[in-house]
Amino acid sequence: MDNNDLTPRLEPGLYIVATPIGNLGDMTMRGAETLRRCDAVACEDTRVTGKLMAHLGVRKPLLRYDDHASERDRERLLATMRDGALALVSDAGTPLVSDPGYRLVREAQAQGIAVTTLPGACAAIAGLTLSGLPNDRFLFAGFLPVKEKARLVTLAELARIDATLIFYESGPRLVKSLDAIASALPGRDVAVGRELTKLHEECRRGSAEELAAHYSANPPKGEIVLMVAPPSEQETSGEDVEAMLREALQTAKPSQAAAQVAKATGRDRKELYALAMELRSQ
Ligand code: SAM
């Protein structure tokens with residue numbers, strides 16, 4: 001008989017379980033207990049979750065899931081949680097945070113199925129705590145777009161937000177993103193959190209230019225959280241609006257540039273359009 005058979009079963013429902021982002025010691029006791037007592041685990045990659053389960057000494061059916069799963073697959077999971085306890089995990093960290101689960105949670109709630117969460121590691125929060133950047137207000141913005149123009153538009157949209165910005169990033173794209181931040185959000189303090197909770201954990205702070213130079217010379221390995229300080233008062237002055245318009249005009253027509261900057265700054269679009277026409281004629 002499997003040892004797991006001795007553990008009392010959980011109430012039926014969906015249990016969202018955070019898992020470590022590198023250091024297995026960060027598995028919470030309540031999360032581990034839930035994986036021990038549930039009936040099945042929905043996960044992104046059965047090999048990755050299989051390793052965590054082996055570390056915990058637990059064997060459960062592992063059911064692959066992502067938000068692109070077919071309706072039939074999702075219905076199968078919903079049926080499992082009507083009769084039994086289904087744990088939802090992702091490869092690492094908190095499910096649903098740039099990871100699958102949103103549609104499953106919505107559907108379970110819509111069907112009156114009990115849903116609960118077991119919080120734990122999350123790279124965005126771990127990065128923020130180590131960044132040395134203001135943390136009283138922050139905005140998690142997921143991954144920046146891959147295409148250069150879309151990346152600049154996104155940064156322009158976020159430029160006026162009075163909060164530390166948090167992005168997930170990959171090693172090969174880090175320098176390009178730092179370059180984009182240097183041009184769209186000039187003068188800001190930036191922090192790069194890399195391999196958090198792991199052996200080679202580091203957190204570097206500096207200007208986007210300094211960090212881009214460092215990581216061009218030392219291509220970064222591993223997983224990365226990129227953080228940008230909130231705007232200074234000076235940054236939201238007229239001069240900076242002009243700089244944002246100039247930047248936007250490099251890839252957009254005056255009307256589009258004015259609309260982008262108006263959206264990002266809350267300033268009047270007609271005034272910005274007039275300024276954009278003037279800048280273009282210079
Ligand atoms: N749901 C996860 C969480 O709660 O952190 C995030 C999943 S997202 C698909 C994966 C991204 O998280 C990575 O590309 C990286 O940007 C970030 N990340 C995950 N683990 C990390 C770590 N140990 N150090 C730095 N960043 C990490």
Side-chain angles (χ1 to χ4, degrees), residues 14-28 30-32 34-35 41-49 51-52 55 64-69 87-106 115-133 135 138-146 151 154-155 158 164-178 180-181 190-205 208 211-212 214-215 218-228:
L14 177 63
Y15 295 74
I16 304 165
V17 179
T19 59
I21 56 168
N23 187 325
L24 289 175
D26 292 335
M27 185 72 219
T28 68
R30 207 157 75 93
T34 300
L35 294 179
V41 179
C43 60
E44 287 181 272
D45 184 329
T46 53
R47 284 164 308 175
V48 174
T49 300
K51 281 187 196 151
L52 175 70
H55 172 78
R64 232 195 65 71
Y65 176 76
D66 63 39
D67 281 330
H68 307 294
L88 170 69
V89 301
S90 53
D91 283 354
T94 301
L96 283 83
V97 178
S98 291
D99 266 339
Y102 167 74
R103 294 185 67 179
L104 195 61
V105 168
R106 289 278 296 197
V115 181
T116 190
T117 190
L118 294 96
C122 175
I125 300 298
L128 180 69
T129 58
L130 209 55
S131 67
L133 299 179
N135 51 45
F138 57 89
L139 184 136
F140 172 65
F143 289 90
L144 277 168
V146 178
R151 197 161 47 215
T154 299
L155 289 171
L158 297 172
T164 289
L165 306 174
I166 308 177
F167 303 99
Y168 283 158
E169 194 46 274
S170 73
R173 292 220 304 261
L174 177 63
V175 171
K176 280 189 181 149
S177 291
L178 287 167
I181 289 167
V190 176
V192 173
R194 196 175 63 81
E195 292 289 84
L196 301 173
T197 77
K198 304 185 197 175
L199 187 61
H200 298 294
E201 172 180 282
E202 72 165 5
C203 189
R204 243 167 224 282
R205 198 167 70 239
L211 292 170
H214 171 80
Y215 287 112
N218 308 279
K221 291 202 182 101
E223 302 193 278
I224 289 164
V225 183
L226 177 57
M227 293 152 288
V228 185

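First listed ligand is number 1; within each ligand, the first listed atom is number 1. Nothing here was measured: the structure is a model prediction, and the numbers come from that model. In what follows, residues are counted from 1 in the order of the sequence shown.
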Thr197 to ligand 1, any heavy atom closer than 4.0 Å: no
Per atom 27 (C) of ligand 1, closest listed option by heavy atom (Ala123, Ala124, Gly127): Ala123
Nearest neighbour in protein (non-hydrogen) for atom 24 (N) of ligand 1: Leu196 N, 2.9 Å
Exercise: identify the closest heavy-atom pair between Glu223 and Lys198: OE1-NZ, 3.2 Å
Ligand 1 contact by Phe167, heavy-atom criterion under 4.0 angstrom: no
Over all atoms of both residues, closest heavy-atom pair of Gly120 and Thr28: CA-CG2, 4.0 Å
Expected output: side-chain Thr94 to main-chain Ala121 donor-acceptor under 3.5 Å: yes
Side-chain donor or acceptor of Tyr65 paired with backbone N/O of Gly101 under 3.5 Å: no
Distance from atom 10 (C) of ligand 1 to nearest protein heavy atom, with residue and atom: Phe143 CZ, 4.2 Å
Side chain to side chain contact (heavy atoms under 4.5 Å, CB included) partner of Asp91, chosen from Asp99, Asp45, Ile21: Asp45
From CA spacing to verdict: side chain to side chain contact (heavy atoms under 4.5 Å, CB included), Ile166, Val225: CA-CA 7 Å; Ile166 308 177; Val225 183; 3.6 Å; yes
Residue from Leu118, Thr49, Val41 passing side chain to side chain contact (heavy atoms under 4.5 Å, CB included) with Leu35: Val41
Residue and atom name of the nearest protein heavy atom (relative to atom 20 (N) of ligand 1), distance in Å to one decimal: Glu223 OE1, 3.3 Å
Residue, atom name and distance, where the atom is the protein heavy atom closest to atom 7 (C) of ligand 1: Asp99 OD2, 3.2 Å
Ligand 1 versus Thr94: contacting region, heavy-atom distance under 4.0 Å: both
Within 6.0 Å of OH in Tyr102, more than 12 heavy atoms from elsewhere: no
Neighbour count above 12 (heavy atom, 6.0 Å) for Phe138 CZ: no
Residue and atom name of the nearest protein heavy atom (relative to atom 15 (C) of ligand 1), distance in Å to one decimal: Ile224 O, 3.4 Å
Nearest atoms (heavy-atom pairs only) where Arg64 meets Thr46: CG-CG2, 4.3 Å
Glu195 and ligand 1 - part of the residue with a heavy-atom distance under 4.0 Å: backbone
Nitrogen or oxygen atoms of Val97 and ligand 1 under 3.5 Å apart: yes
Protein heavy atom at shortest distance from atom 3 (C) of ligand 1: Tyr168 OH, 3.4 Å
Minimum-distance pair of heavy atoms, taken over all atoms of Ala123 and Leu196: O-CD1, 3.9 Å
Proximal ligand 1 atoms for Val225, defined as those under 4.0 Å from one of its heavy atoms: 25 (C), 26 (N)
Ligand-side contact atoms (ligand 1) for residue partner Cys122, heavy atom cut-off under 4.0 Å: 4 (O), 5 (O)
Whether Ala92 lies under 4.0 Å from ligand 1, heavy atom: yes
Proximal ligand 1 atoms for Gly93, defined as those under 4.0 Å from one of its heavy atoms: 3 (C), 4 (O)
Numbering as shown, the atoms of ligand 1 that approach Lys198 to under 4.0 Å (heavy-atom distance): 23 (N)
N/O separation below 3.5 Å, Glu169 to ligand 1: yes
